[in-house]
Amino acid sequence: MADAGFSGLMVIQRSNEMSLTRKHYPFTEFEARWQKHWMETNAFRAANPGDTDFRPEASKYFVLDMFPYPSGDGLHVGHVEGYTATDILARYRRLCGDNVLHPMGWDAFGLPAEQYAIKTGQHPRITTQKNIDRFRTQLQSLGFSYDWSREISTTDPGYFRWTQWIFLQLYNSWVNPATNRAEPISLYFGNDPDSVRLAFVSDKPVNWCPELGTVLANEEVVDGKSEVGGFPVERRPMRQWMLRITAYTERLISDLDGLDWPDSIKQLQRNWIGRSEGAEVRFPIEGSQAEVTIFTTRPDTLFGATYIVLAPEHPLVDSLTSPEQRAAVDAYKKACSSKSDLERTDLAKEKTGVPLGSSAINPVNGEKIPVWIADYVLTGYGTGAIMAVPAHDERDHEFAMTFNLPIIEVVRAVNAVDQALPTDQQACFSGEGIAINSPILDGLVTTEAKKKIIRWLKEKGYGRGTITYKLRDWLFSRQRYWGEPFPIIWEDGSHRSLSHEELPVEPPEMEDFKPTGTSEPPLSKASDWVRYSETATRELNTMPQWAGSCWYYLRYCDPGNKDRFISREAESYWMGDGAKPGGVDLYVGGTEHAVLHLLYARFWHKVLFDLGHLTTPEPFQKLVNQGMILGDDGQKMSKSRGNVVNPDEVVSEYGADALRLYEMFMGPLEHGKPWSMTGVEGVYRFLARVWRLAMTEDQEGNWGISEDLAEQELTSTQRRVLHATIKKVTQDIESLAFNTAISQMMICTNEFTGAKPRPIESLRILLRLLSPFAPHLCEEIWWRLGTKFPDSGFAGLASQSSWPNWNEEYLVVDEITYAVQINGKVRGHLTVPTSADRESVEKTALCDPAILEILDGKEVKKVIVVPGRLVNLVVAG
RNA sequence: GGCGGUGUAGUCCAACGGCAGAGACAAGCGACUUAAAAUCGCUCCAGUGUGGGUUCGAGUCCCACCACCGCUACCA
């Protein structure tokens, strides 16, 4: 108790001290006021085609943030980073005269809300609304220039009605292999439309998470545990909705080329899709009609195959198991199925496996080779079966060594380094080379050998060239309450879609939305809702959280439309006319969505594009990933480490402008950067210096316009610095190099800090340059100057003024100092008129007495003049 | 293991292949002040992770290695 009382006292003393510390500038007096003003005057409203204030001559600029999941923790400094970057761009482009679409919304369906609801008994709608309100308040307290009239939430029936509508577009279409485009299912003339729909039902084994009471997509399972919560996941067969994203693999890869995305993200997507070319080869089974089809990327090594391996779950396992091996095989299968994915993929462990007791015939040479099962072969990839070539595959080699299986070398390395490797059975060479010990391939290089053997296999009917992908179809249903219901009903064991007039399908009001403890979704408990008609029932699954975020950027363009998901006019205006493949001009968000969200959204976009609803084949033209903001210990921010910075606290202590500016000043947007409170104070002091360029404080602590300000001609130095600042800030904003733009504005401020009298022109320019970064401060000074100096160019709002232009002529200086190098080392300096050309600079350098002295008569063999920079004299010895 | 990124003053970070320093933090000194805070001014500090190579010239380009971060992981 004594301790508690003592620390309480300390807190009081500390807060007294803090309240005594005068604010460096009175941000508390105006930040909220301007936020209110912008809001009330709709200052950042974007006009759509057809609106009375629409300016057809203005270019459009669509700058988008990855909308947040409104969690109970509130806004994170990481959100602030990306959102500030886009806000700077939005404000900048607005000042440049563009029609800027800069919207915000909520990705509000999803597991955490539902789990919180289950724990507290509160309906997820209530907590979600509360969280949204908190997020909105926080975002508004940072002065982001969103057009709030376009705010959307994925949980709003007016929104998810169209999410369901898009699902029906998928359900009612297929990809015609002839055109490689999605087409209405009515154009499909086969006899089983359900087998080709882009949304279809599957009974394959899925990732079931008992703790969460739902299935998860492969992508949502990390190390055998759920990505959300980290609970164990097991595989069990269940009837599920799938989306046929695999129909788009080739386009999802090739269309990356036209996008302005970081190469690393493109590469991540390519890797995720995992295209690999190879061949399927059929191995007949000895003494049986059965055959095993394997997939390999190295058909050229077929002569080196010494055994076959099936995944333990392969459907042929039972029929190929001999009676003698039955017990061992069953035991092995059981052991595998009880292992978590994490255990199965643990590379450190020894390879395991069991022979089935039957043999396959290698089609190229008639050799009998044993068939095994082993869990290093995965059931979901390729054909779930491989031919093992231990001489040329690390995994097969390890397995062969463990079980003492034969190893046959069929590729010889051609390069000296690889050839130097020992060629005995201890080594494994998995590179390309020259085929050996392979009658019909001997002497061919790997690429040729592959082509030839594929041709051979095809001719003989033993196989064919094929391409496989790691990407699987997208498991699209969840056993949840808090998600979009499917617009699907079931009757007599078959499914059909609801009509568009029946949308939205709203989730039923339920008291109890807890998981049922079985694989039955919670919606099964809403018996009235479930019964659609006498004979039909509703689909009980809901959509995953990704659904709403797959198309939200489209809805922003036309958020209130009741007739279409987006009007054709709004779509073609905001999403571009097809000159570039992507519609959104700039999309900023974290790398964590590099594959899932971005791949899913691209997929939906392409389907809608194929069906004629959109004008561009890609959603996001330019993508930037902001880096992670770390704690001041350089570690990832986390509650357990106690290094989490709460943006609200920074705002109340230093103001929104300081927080925004600091996060931009920390370093390059894409980099991870550690937090530093003293760094925040640094930019805070900078903002105070800008404030004092215009304002002075009297004895009583009241701020008034500085007496030093005057309509005063700029000195040539001042003019040069000012215009250099316009240039640098403009260019740096365009390239998202905000840290260096701020640095230049600091230089500019320092230049004018000591100036008496201080030309008002400095503020007319600087305030506009700084306003995208620190909008409140600039708006306030702008307004005060406009009041004090009417007709001096401070009319209206700073955020609705115009972006200044620089004049190159003002940037030139009269004289330039060149460095004079001798053999690359700086030995002197030389000042010449700016107008001096290359020859005269060279001549001046060679005549300079100091230089001549250092040269000491040595012969100058070569002179390099870098204009405006240096002269390098190359001398012998 | 694979892919990607980053290594520059005590710290965070700048630098079209061209004199390593834009800015900030921290430190120190000075001015203002009775004093302090705040403010203003000045100063100090690294040869760029290591080793090679290309070049008149390399922090920057190439190769190898090391460290840290992120992603991914038996994908045949």
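Nucleic acid contact class of A:Gly682 (heavy atoms, under 4.0 Å, all strands): sugar-phosphate only. Across all strands shown, A:Ser676 has no heavy atoms under 4.0 Å from either base or sugar-phosphate atoms. Across all strands shown, A:Ile747 has heavy atoms under 4.0 Å from sugar-phosphate atoms exclusively, and none from any base. Residue A:Asp396 is classed as having no contact, given no heavy-atom separation below 4.0 Å to the nucleic acid. Counting any heavy atom pair closer than 4.0 Å across all strands shown, A:Thr591 reaches no nucleic acid atom. Using a 4.0 Å heavy-atom distance criterion, A:Ser264 is classed as a sugar-phosphate-only contact.
In this structure, A:Cys428 and A:Glu394 approach most closely via the heavy-atom pair SG-N, 3.5 Å. Of all non-hydrogen atoms in A:Tyr25 and A:Tyr654, the two that sit nearest each other are OH-O, 4.2 Å.
Here the C1' atom of nucleotide B:A76 and the CZ atom of A:Phe429 are 17 Å apart, to the nearest Å. Protein atom CG of A:Leu256 is 19 Å distant from nucleotide atom P of B:C3, rounded to whole Å. Rounded to whole angstrom, the span from the OH atom of A:Tyr381 across to the C1' atom of B:A73 amounts to 14 Å. The distance from atom CD of A:Glu398 to atom P of B:A73 is 19 Å, rounded to the nearest whole Å. For the pair A:Asp708 CG and B:C40 P, the computed distance is 14 Å after rounding to whole Å. To the nearest angstrom, P of B:A14 lies 10 Å from CD of A:Glu670. Taking atom CD of residue A:Glu280 and atom C1' of nucleotide B:A76, one finds them 13 Å apart after rounding to whole Å. The CG atom of A:Leu630 sits 8 Å away from the P atom of B:G70 (whole-angstrom rounding).
B:C74 and B:C25 have their C1' atoms separated by 48 Å, with the value rounded to a whole Å. When the P atom is compared between B:G18 and B:A24, the two are found 24 Å apart, to the nearest whole Å. B:G10 and B:C44 have their C1' atoms separated by 12 Å, with the value rounded to a whole Å. Nucleotides B:A22 and B:G30 have their P atoms positioned 26 Å apart, rounded to a whole Å. Rounded to the nearest Å, the gap between the P atom of B:C61 and that of B:G7 is 10 Å. Separation of the C1' atoms belonging to B:A20 and B:A58 is 12 Å when rounded to the nearest angstrom. Rounded to a whole angstrom, the distance from the P atom of B:C45 to that of B:A31 is 23 Å. Comparing the P positions of B:C29 and B:A38 gives a spacing of 15 Å, expressed to the nearest Å.
Of the candidate nucleotides B:A22, B:C56, B:C71, B:C56 has the atom lying nearest to any side-chain atom of A:Ile864. When distances are taken from the side chain of A:Met746 to each of B:A24, B:C25, B:C19, the shortest belongs to B:A24. Proximity note for A:Ser276 (side chain, C-beta onward) versus B:C56, B:A76, B:C74: the nearest is B:A76. Listed nucleotides B:A22, B:A76, B:C19 differ in distance to A:Thr740; the shortest reach to its side chain belongs to B:A22. Among the nucleotides B:G23, B:C3, B:G41, the one closest to any side-chain atom of A:Thr753 is B:G41. Candidate nucleotides B:C71, B:C74, B:A24 were compared by shortest atom distance to the side chain of A:Asn750, and B:A24 ranks first. The nucleotide whose nearest atom lies closest to any side-chain atom of A:His24 is, among B:A38, B:A76, B:C3, B:A38. Of the candidates B:A76, B:C19, B:C3, B:C3 carries the atom nearest the A:Asn271 side chain, counting heavy atoms from C-beta on. Side-chain proximity of A:Trp272 to the nucleotides B:C40, B:A73, B:C19 is greatest for B:A73. The side chain of A:Arg689 sits closest to B:C40 out of B:C40, B:C56, B:A76.
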Polar atom pairs between nucleotides 8-13 of chain B and protein, under 3.5 Å, N or O only, would you list them?
unit_1 : atom_1 : unit_2   : atom_2 : d
B:C12  : O2'    : A:Met666 : O      : 3.2

- Message: Go through it in stages, so that I can follow the logic: the residues are A:Phe686 and A:His24, the test is side-chain contact (heavy atoms from CB on, under 4.5 Å), and I'd like the CA-CA distance, side-chain angles, deciding distance and then a yes or no.
- Response: CA-CA 10 Å; A:Phe686 161 67; A:His24 297 197; over 6 Å; no

- Query: Can you check side-chain contact (heavy atoms from CB on, under 4.5 Å) on A:Tyr381 and A:Phe295, steps first, answer last?
  - Reply: CA-CA 9 Å; A:Tyr381 182 74; A:Phe295 173 75; 4.1 Å; yes

- Task: Check the pair A:Glu808, A:Lys727 against salt bridge (Lys or Arg N to Asp or Glu O under 4.0 Å), reporting the backbone distance first and the verdict last.
- Result: CA-CA 9 Å; A:Glu808 276 298 328; A:Lys727 181 176 182 176; 2.9 Å; yes

- Stepwise, does the side-chain contact (heavy atoms from CB on, under 4.5 Å) test hold for A:Gln269 with A:Leu598? CA-CA 9 Å; A:Gln269 292 224 339; A:Leu598 289 171; 3.3 Å; yes

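Using a 90° window around 0 for the glycosidic torsion, B:G59 falls outside it and is classed as anti.
At the phosphate of B:C3, neither OP1 nor OP2 sits under 4.0 Å from any side-chain N or O atom of A:Arg270. The side chain of A:Thr678 contributes no N or O atom lying less than 4.0 Å from OP1 or OP2 of B:A24.
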- Toss me the dot-bracket line for RNA chain B: Watson-Crick and G-U wobble, both under 3.5 Å, 5' to 3', using | for pairs to another strand and [ ] for crossers. (((((((..((((....[..).))).(((((.......))))).....(((((..]....))))))))))))....

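Comment: A:Glu277 engages A:Arg275 in a salt bridge, judged by a side-chain N to carboxylate O separation of less than 4.0 angstrom. Ion pairing between a basic and an acidic side chain is recognised when a charged N comes within 4.0 Å of a carboxylate O; A:Glu663 and A:Lys673 show no such pairing.
The closest side-chain donor-acceptor pair between A:Thr246 and A:Tyr469, if any, does not fall under 3.5 angstrom. Side-chain polar atoms of A:Thr740 and A:Asp732 form a donor-acceptor pair below 3.5 angstrom.
Under the 4.5 Å side-chain criterion, counting only non-hydrogen atoms from C-beta, A:Leu722 is in contact with A:Phe752.
Atom CD of A:Glu707 is surrounded by 12 or fewer heavy atoms from other residues, nucleotides or ligands within 6.0 Å. Surrounding OH of A:Tyr462 are at most 12 heavy atoms belonging to other residues, nucleotides or ligands under 6.0 Å away.
For the pair A:Lys351 and A:Tyr376, the distance from NZ or CZ to the six-membered ring centre is under 6.0 Å and the angle to the ring normal is within 45 degrees.
Closest-nucleotide positions on RNA chain B for A:Met387 and A:Ser743 were compared, and the one nearer the 5' end corresponds to A:Ser743. Nearest-nucleotide assignment on RNA chain B puts the 5′-proximal partner with A:Val874, out of A:Gly274 and A:Val874.
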- Readout for nucleotides 57-69 of chain B: B = base within 4.0 Å of protein heavy atom, S = sugar-phosphate only, - = neither; 5' to 3' it is -------------

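Note on ring orientation: taking the six-membered ring where Trp is involved, the planes of A:Phe403 and A:Trp372 are tilted (angle from 30° to 60°).
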